[in-house]
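Heads up, the thing below is written out as structure tokens.
Ligands are counted one by one from 1 in listed order, and the atoms in each one are counted from 1 as well.
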Amino acid sequence: MNARPDFPFFSARQGTSLPVYLDNAATTQKPDCVLRAIEQFYKTTNANVHRGAHALSRAATDAHEEARATAATFLNAASTEEIIFTSGCTEAINLVAQTLTFAHSFQPGDEIIVSTDSHHSNIVPWQMLCERSGAVLRAVPLTAELQFDLAEYEKMLTERTRLVAVPVISNALGLRLPVEPIISRAHAVGARVLLDAAQAAAHEPLDVQALGCDFLAFSGHKIYAPTGTGVLWGRRELLDALPPWKGGGEMISSVTFARTTYNKLPFKYEAGTPNICGNIALAEALRYVLSLGFPAIRSHEQALTSRLCSGLARLPGVELLGGSDGHSSLVSIHLPDVHHYDLGTLLDQMSIAVRTGHHCCQPLMLSLGITGTTRYSVALYNSEEDIDRALTATERALAMLR
Ligand code: PMP
């Protein structure tokens with residue numbers, strides 16, 4: 001796969017040195033088709049949606065609702081009404097947590113289960129729900145190999161479990177969770193399941209009907225779309241039954257000072273003017289990914305990740321969290337004698353962009369007894385040369401730090 005020419009970011013800074021970009025789990029660069037879709041929209045179609053009688057507004061509305069259809073295809077949703085545009089994964093999870101709160105769905109003593117390697121955005125909204133409802137948050141521990149502990153999870157599931165919210169792929173460890181058995185076992189006790197697909201959407205096909213989950217969230221900016229975009233998918237009967245969360249234009253059916261009635265799905269959850277251009281650009285990014293195809297993307301990224309892992313594992317004193325096999329598109333390392341921040345700073349000076357810190361996974365770091373890691377994450381435009389440059393720089397940096 002040679003997708004790099006599709007990304008102007010890598011050619012626009014001719015003459016200046018561009019870092020090897022291995023911070024793709026934080027955010028991705030954007031392909032030309034996405035940049036052109038943004039420019040095209042504002043040059044030719046810009047108008048507000050769903051409101052105007054004029055032709056421009058109809059064109060913008062059509063483009064916006066086509067974008068929803070693309071997102072539905074991307075997730076194999078049963079209907080476009082199950083696709084709620086959000087500002088990102090964080091907002092999508094908060095939407096579910098807040099509407100469940102408004103619906104008084106949780107009683108004192110009800111339980112919500114998350115994973116120890118969950119991102120803060122898939123922990124804190126549930127803690128807030130617990131504070132308001134008296135529900136209890138429980139975290140499934142990881143095994144010694146840092147895998148989600150299915151046996152412990154099974155023991156934790158009871159008739160008090162109302163919701164299970166887990167990542168498909170951990171953003172700090174790069175390991176995939178066994179979401180299929182997680183879902184079926186949660187359903188067996190009558191609990192709902194929300195999947196945080198922030199780190200999965202760009203790297204593996206997501207089929208919500210085959211997965212059988214109840215909610216799924218992802219961010220556009222991690223899949224080559226602009227920041228400020230994202231999708232919440234929810235099963236229609238669940239979204240229908242939950243109350244709206246933000247009030248305003250678009251989400252209403254009729255308003256009087258005495259009483260307001262609410263719009264149908266998906267507009268019930270999209271108060272105010274949506275991120276029209278952003279959502280259209282998100283659909284362009286999804287089509288781009290689908291046009292390359294997940295089989296090709298996966299085999300390219302898997303080869304790069306394996307090269308990265310085996311190269312890092314060869315460096316003395318480097319511990320790969322979760323071992324050297326089975327990582328999705330990212331790997332975190334820990335060095336007992338070198339602070340992750342020092343390594344990251346030296347790598348930056350050598351033009352290698354990686355992420356250091358707790359990766360919004362402080363409970364995971366606490367459970368591991370460390371303050372942070374150095375995380376290398378690949379995308380479809382990375383090359384073997386990027387990996388080799390990062391490995392050489394890491395070796396040099398470690399020699400300087402020891
Ligand atoms: N979940 C996971 C697993 C993530 O990696 C991230 C982003 N790092 C998020 C949720 C939150 O995504 P965003 O900040 O784009 O809303």
Side-chain angles (χ1 to χ4, degrees), residues 21-30 34 71 84-98 112 114-128 139-140 142 146-148 163-179 182 193-204 206 211 213 215-233 245 275 278-279 281-282 285-286 301 305 321-322 327-332 353-365 372-379:
Y21 189 72
L22 291 174
D23 194 17
N24 296 287
T27 198
T28 54
Q29 306 306 335
K30 317 304 170 199
V34 168
I84 315 295
F85 284 126
T86 67
S87 66
C89 188
T90 301
E91 190 182 51
I93 297 172
N94 276 277
L95 189 163
V96 178
Q98 292 208 20
I112 300 173
V114 296
S115 177
T116 295
D117 55 4
S118 294
H119 189 276
H120 294 165
S121 64
N122 201 15
I123 299 174
V124 182
W126 309 120
Q127 282 177 326
M128 293 164 81
V140 178
L142 302 180
L146 305 190
Q147 302 283 342
F148 181 90
L163 184 87
V164 174
V166 291
V168 179
I169 293 167
S170 140
N171 67 302
L173 303 173
L175 302 176
R176 189 180 195 279
L177 279 76
V179 288
I182 288 175
V193 181
L194 178 141
L195 294 182
D196 167 359
Q199 294 299 340
H203 308 290
E204 64 172 78
L206 293 167
L211 284 164
C213 53
F215 302 100
L216 181 142
F218 72 90
S219 286
H221 71 98
K222 293 184 199 283
I223 181 167
Y224 315 110
T227 48
T229 63
V231 167
L232 170 70
W233 169 85
W245 71 319
N275 184 354
N279 295 338
L282 167 60
L286 299 181
E301 292 181 346
T305 309
L321 298 186
H327 293 269
S328 169
S329 54
L330 68 92
V331 62
S332 262
V354 295
R355 187 69 143 209
T356 64
H358 55 63
H359 315 294
C360 296
C361 291
Q362 286 183 350
L364 170 67
M365 299 301 147
T373 76
T374 306
R375 182 185 74 183
Y376 304 67
S377 54
V378 307

Distance check, rounded to the nearest 0.5 Å: N24 atom CG versus R375 atom CZ?
9.5 Å
Checking contacts here: is it the side chain or the backbone of K222 that comes within 4.0 Å of ligand 1, counting heavy atoms only? Could be both or neither.
side chain
Testing the 3.5 Å rule here: is there a donor-acceptor pair between the side chains of H203 and S328?
no
Give, for atom CG of L146 and atom OG of S170, the distance between the pair rounded to the nearest 0.5 Å.
9.0 Å
As an exercise, identify every atom of ligand 1 less than 4.0 angstrom from a heavy atom of T90.
11 (C), 12 (O), 13 (P), 14 (O), 16 (O)
Among protein heavy atoms, which lies nearest atom 5 (O) of ligand 1, and at what distance?
Q199 NE2, 2.8 Å
Considering non-hydrogen atoms of the protein only, which is the closest contact for atom 12 (O) of ligand 1, and what is the distance?
S219 OG, 3.5 Å
With rounding to the nearest 0.5 Å, note down the distance linking NE2 in H327 to OH in Y376.
13.0 Å
Per-atom filter on ligand 1: closer than 4.0 angstrom to a heavy atom of C89 are 10 (C), 12 (O), 16 (O)
Where is the nearest protein heavy atom to atom 1 (N) of ligand 1: which residue, which atom, and how far?
D196 OD2, 2.5 Å
Quick one: does any side-chain atom of K222 pair with a main-chain N or O of T28 as donor and acceptor, under 3.5 Å?
no
What part of E91, side chain, backbone, both or neither, has a heavy atom within less than 4.0 angstrom of ligand 1?
neither
Heavy-atom nearest neighbour in the protein, as seen from atom 4 (C) of ligand 1, with distance rounded to 0.1 Å:
H119 CD2, 3.4 Å
I would like to know whether I169 and L175 meet side-chain contact (heavy atoms from CB on, under 4.5 Å); could you show each step before the answer?
CA-CA 6 Å; I169 293 167; L175 302 176; over 6 Å; no
If you have a sec, work out which protein heavy atom is nearest atom 10 (C) of ligand 1 and how many Å separate them, to one decimal?
S121 OG, 3.1 Å
Using ring pair (Phe, Tyr, Trp, His ring centres under 6.0 Å), reason through H359 and H120 one step at a time and then give a plain yes or no.
CA-CA 9 Å; H359 315 294; H120 294 165; over 10 Å; no
